[in-house]
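Since we're looking at a predicted model, the values are computed, not measured. In the text below, chain A, chain B and the rest are named by the order of the sequence lines, each starting its count at 1.
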2 protein chains.
Amino acid sequence: MTDTATQILDTAQELIQSRGYSAISFQDIAERVGIKKPSIIHHFPSKAALGEAVIKRYRLGFADQIEAIKADPGKTVWEALAFYFSPYLDYAQTPDKVCLCGALAGEIMALPEEMHEEVKRFMESHQRWLEDILREGKENGEFQFDETPPHMARVFFSALQGALLVKRATGDVSQVRDVTDTISKFIGT
Amino acid sequence: MTDTATQILDTAQELIQSRGYSAISFQDIAERVGIKKPSIIHHFPSKAALGEAVIKRYRLGFADQIEAIKADPGKTVWEALAFYFSPYLDYAQTPDKVCLCGALAGEIMALPEEMHEEVKRFMESHQRWLEDILREGKENGEFQFDETPPHMARVFFSALQGALLVKRATGDVSQVRDVTDTISKFIGT
DNA sequence: GTCTATACAAAGATAGAC
DNA sequence: GTCTATCTTTGTATAGAC
């Protein structure tokens with residue numbers, strides 16, 4: 001991966017997280033990277049391919065981190081959960097960013113098929129990860145809740161994604177923190 | 001409101017709910033309504049004005065319904081909540097629709113200011129309504145929960161919006177029902 | 001109220017020089 | 001690997017006839 005390709009991916013990701021995919025163009029990206037439109041094509045053959053590459057990198061970057069936390073015997077389930085919450089809380093501090101896949105979810109029917117598939121993988125893997133952590137915590141007694149881990153995982157993931165979107169739309173920065181605090185209380189004191 | 005204007009609003013709403021705002025055009029709408037592009041301008045002076053009109057109608061239609069439910073002494077808070085859940089569950093049964101404002105939340109920074117403002121009003125009013133219902137239920141003993149009504153309202157609204165978006169992206173229709181069932185259990189048996 | 005015709009800008013993408 | 005130049009399509013919007 002050349003330096004320019006990385007800059008293109010970084011810029012595209014940033015722009016998609018703030019404006020979505022349909023609203024951005026090669027022109028927007030080229031201006032910020034400091035190159036001309038056709039130079040992007042040299043690195044990514046189409047807008048769809050660039051979009052797919054952005055999500056894939058995002059998804060795999062998360063996957064590495066959250067799998068490492070889950071496998072680390074030195075981390076409690078509470079620490080794993082706090083780690084999972086942290087990017088949501090970080091994005092909530094920015095004026096205009098949400099989760100990349102949360103941003104794309106609203107326009108999913110307008111996305112090329114490869115991008116839709118990547119978003120789907122992202123969401124399924126995150127809900128599975130949350131399910132695993134919740135199950136582990138329930139089994140070892142660190143978490144206390146009555147519902148099943150898959151159901152709780154769906155509520156947690158939906159609430160986190162939704163909270164970021166609501167926060168950005170309303171401008172109320174406490175939305176995400178309120179949600180993480182409240183769902184944490186659903187599983188323990 | 002002429003019949004054509006209503007058809008334009010209906011079609012625009014449908015398209016935005018499935019694809020988002022940035023990805024749709026006058027051409028898409030005109031084709032479905034059976035008119036030509038410039039005829040839309042006669043009813044709505046710009047795409048931004050049309051977008052604003054779509055959200056405003058959507059927001060006010062909801063406002064009438066949910067305020068009526070809240071004011072109805074014949075309805076319990078559980079019935080009011082079930083009523084509030086119903087459009088989310090209905091949209092979950094469609095292959096490609098989410099809440100209009102959930103769809104727009106991902107591309108909020110690409111929207112004209114008037115549309116952003118309307119989305120904000122929609123979300124704030126829905127969270128306030130949920131807060132009122134949750135408070136009333138907690139005070140009269142029909143709901144049991146430890147957290148504050150504003151915090152619970154934020155979790156509920158975020159989770160509902162998020163669940164619809166996740167459902168559409170993953171194609172798993174049980175997402176929304178699982179979330180409504182689970183959050184219902186957070187406030188009672 | 002709807003149309004045709006058109007203006008004008010911007011989009012994604014290609015060809016080929018350097 | 002990046003550029004200029006260009007193609008083709010599509011976007012929002014306007015003017016003016018009917």
Over 60° means perpendicular and under 30° means parallel, so tell me whether A:Phe157 and A:His126 are parallel, tilted or perpendicular. tilted
Enumerate all atom pairs, one protein N or O and one N or O from nucleotides 16-18 of chain D, separated by less than 3.5 Å.
none

Less than 4.5 Å apart, any side-chain heavy atom of B:Trp78 and any of B:Ser184? yes
Let's see if you get this right: which residues in residues 29-47 of chain B place a heavy atom under 4.0 Å from DNA chain C? B:Ile35, B:Lys36, B:Pro38, B:Ser39, B:His42, B:His43
A:Lys47 to A:Tyr21, cation-pi by 6.0 Å centre distance and 45° axis angle: yes
Using a distance-only test with no angle check, is there a side-chain donor-acceptor pair under 3.5 angstrom linking B:Gln127 and B:Glu131? no
Whole Å only: how far is the CZ atom of A:Phe26 from the C1' atom of C:dA13? 8 Å
Centroid separation under 6.0 Å, is that true for the rings of A:Phe186 and B:Phe186? yes
Of the residues in residues 9-16 of chain A, which ones touch DNA chain C at a heavy-atom distance under 4.0 Å? none
Check whether the side chains of A:Tyr91 and A:Gln17 place a donor and an acceptor atom closer than 3.5 Å, and report yes or no. yes
Do A:Arg32 and A:Gln7 have side-chain N/O donor and acceptor atoms under 3.5 Å apart? no
Could you state the atom-to-atom distance from CD1 of B:Ile24 to P of D:dT10 in whole Å? 17 Å
Under a 3.5 Å cutoff, is there a donor and acceptor pairing between the side chains of A:Thr170 and A:Gln175? no
Between B:Ser174 and A:Arg154, is any side-chain donor less than 3.5 angstrom from a side-chain acceptor? yes
Compare side-chain N and O positions of B:Ser25 against OP1 and OP2 of D:dT10 and report whether any pair is under 4.0 Å apart. no
Taking the six-membered ring for Trp, are B:Phe62 and B:Phe122 closer than 6.0 Å centroid to centroid? yes
Distance check needed: C:dC3 P versus B:Gln27 CD, whole Å only. 12 Å
Say whether B:Asp3 and B:Thr6, considering side chains only, have a donor N or O and an acceptor N or O under 3.5 Å apart. no
Between C1' of C:dA10 and CG of A:Asp28, the distance in whole Å: 10 Å
Phosphate OP1/OP2 of D:dT2: any A:Thr4 side-chain N/O under 4.0 Å: yes
